[in-house]
Amino acid sequence: MNKIDRAGFGSKLGAILASAGSAVGLGNIWRFPYETGNYGGAAFILIYLGCVFALGLPIMISEFIIGRRSHANTAGAFQKLAPGTQWKWVGRLGVITAFLILSFYSVVAGWTLEYVFEAAGNGFAGRTPEQFVESFDLFSTNPWRPLIWLVLFLLATHYIIAKGVEKGIERSSKVMMPVLFVLILVLVGCSVSLPGASAGIEFLLKPDFSKVDSNVFLAALGQAFFSLSLGMGCLCTYASYFKKDTPLIKTAVSVGLIDTFIAILAGFIIFPAAFSVGIQPDAGPSLIFITLPNVFHRAFEGMPFLAYIFSLLFYLLLAVAALTSTISMHEVATAYIHEEFKVVRKRAAAIVTGGCIIIGVLCSLSLGVGRNIALFGLPLFDLLDFVTAKFLMPLGGALMAVFVGWYLDKRIVWEELTNDGALKAQSYKLIIFILKFIAPAAIFIIFINELNVI
Ligand code: PFF
C-alpha cells in the first residue's frame, strides 16, 4: 500500500485521545484498585508511578518510533525497519497477543453490559450480599446470556473499526474520552462525600511502607504494562497513523498522565465508598461484579435514586472504558490482515470479529458449562489471561525496547524524537539508556519471578 493512501489520525489531539483510549480500560477501573488494595494503598501507587514514568513511557516511546517511522501495521513495521531479519516475528507475536487478549477481554467487557442493563432496570435494589454473589455466579455460568453480551460488545467494536481510522477510531475516542472523564468525576464527587469516606481517602494518600516487598514492585510493573497497553503493537499500530508533526515524547507523557490520573480517580470512587460501609475491596473479578454493587447499594441506603444513578453511571463508565480499549486491540489485527494480505479493510475487520467471537465464546463457556475442560490445567479463559499478560506482553515489550535500544539506527530514533530536528529531545540519552539496559533487565526479572510463581 502506498503511503499517500494510508489512513491517519486527523489531529494531534485525536492521536492523544485514541492512544489514551487504548490505555484507559478495565485495567484502570478494575485491576488498578484491587492491586492497590492488595499491595498497601498509597505505597503501591508511588511505586506504580515510578514504573509508569521510568519504564513504561520509554517503552511506549519505542512503540511510537517503530509505528510512526514505518507507517505500517505492527508486523509490516518490523519488516520495513529490519528487512530480511527475524524481527518480523516480534510484530507477528504482537498481532497474535492482541487477538488473544481481545477474545477474553471482550468476555469481561460483555459482563459490563449485563450490569449496565441490570442497573438500568434497578435490578440491584433490595439484594442481600449473598444474592449479589449468587446472581453473579448464575449469570457468569449461564450458557447463553454472557455470550449474547460478548457478541454485542464485539459487534460494537467492529462497527467503529469498520468505519475507519479517522471516522471510526478517532471520532469515537473524541466523544468517549470526555464522556468517560465526566462520568468519573461525577462518581468521585459522590463517593468522597459519603459519610465515613475519609478512611478510604486516607488509605489512598498515606503510604504504608511496611507492606512493600519485591512482590509489590513486580505487581506495579506488571500493572503499568497492562494499563499502558504495552508490548503487543497496539500503540505501534496507532502511531503508524500519527502525522509527521505529532511530538512523540509529549504524546507519550500525555497518555501516561491521563492513564495514571484515571486509575487514581477510579481508586477515589471505589475506596471511599467501600470504606464507608466497612467493606475491604478484595481481588479478582468479584471486586467490580460482586463487591461493588453491594457497596454502592449499602453506601446510598435510604437514597434509592442516588444508589440507582451511581450504579448505572459506574457500569456505563466501565463499558465505555472497555470499548476504547477493545477497538485498539481489534485495530492491531485488522490493520495486519488488511495490509499484509491485501484484504479490503471491512472484510479484514469482519475476519477479526468472527475469529474473536469464536474464541471469546469458548473462553466464556470455559467459565460455565465447560468448566471441567482444562487446557494445561486451566480453563481457556484463565489460560489466555495467563499466557498473554504474564508471558507474551512482557516478552513483546522487552523485544521492542531491545529493537529500538540496540538494533535501530540511532539517526532514525533521533529524527523521530525530534521530528527531523524541529523539536528538542533533552531526554534522548536517558531514553536510550533505559531502552538498552533498564527495561530489558526489569522485564527479565518480572518474567523469572512470574515463572517461579506457577
Ligand atoms: N490498557 C487496557 C486496560 O488498561 O484495560 C488493556 C489493554 C488494551 C491491554 C490494549 C493491551 C492492549 F493492547
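Both counts, for ligands and for their atoms, begin at 1 and track the order of listing.
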Sequence neighbours excluded, which residues qualify as ring pair (Phe, Tyr, Trp, His ring centres under 6.0 Å) partners of Y115?
F124, F289, Y315
Please tabulate, for the side chains in residues 43-57, all donor-acceptor contacts under 3.5 angstrom to protein atoms that are two or more places apart in sequence or on a different chain.
none

Do N419 and R68 have side-chain heavy atoms sitting under 4.5 Å apart?
yes
Would you mind writing out the side-chain donor-acceptor pairs for residues 221-238 within the sub-3.5 Å range, not counting sequence neighbours?
{"from": "Q223", "atom 1": "OE1", "to": "R31", "atom 2": "NH1", "distance (Å)": "2.6"}
{"from": "Q223", "atom 1": "NE2", "to": "G27", "atom 2": "O", "distance (Å)": "3.0"}
{"from": "S227", "atom 1": "OG", "to": "N28", "atom 2": "OD1", "distance (Å)": "3.4"}
{"from": "S227", "atom 1": "OG", "to": "D259", "atom 2": "OD1", "distance (Å)": "3.4"}
{"from": "S227", "atom 1": "OG", "to": "D259", "atom 2": "OD2", "distance (Å)": "2.7"}
{"from": "S229", "atom 1": "OG", "to": "S22", "atom 2": "O", "distance (Å)": "3.0"}
{"from": "S229", "atom 1": "OG", "to": "S22", "atom 2": "OG", "distance (Å)": "3.0"}
{"from": "T237", "atom 1": "OG1", "to": "T74", "atom 2": "OG1", "distance (Å)": "2.9"}
{"from": "T237", "atom 1": "OG1", "to": "G233", "atom 2": "O", "distance (Å)": "2.6"}

Does K174 have more than 12 heavy atoms from other residues, nucleotides or ligands lying within 6.0 Å of its NZ?
yes
For the residue pair W111 and E114, confirm or rule out a side-chain donor-acceptor distance under 3.5 Å.
no
Which protein residues have a heavy atom closer than 4.0 Å to any atom of ligand 1, listed by chain and number?
S22, A23, G25, L26, G27, N28, Y105, F226, S227, S229, M232, C234, S325, S328, M329, M393
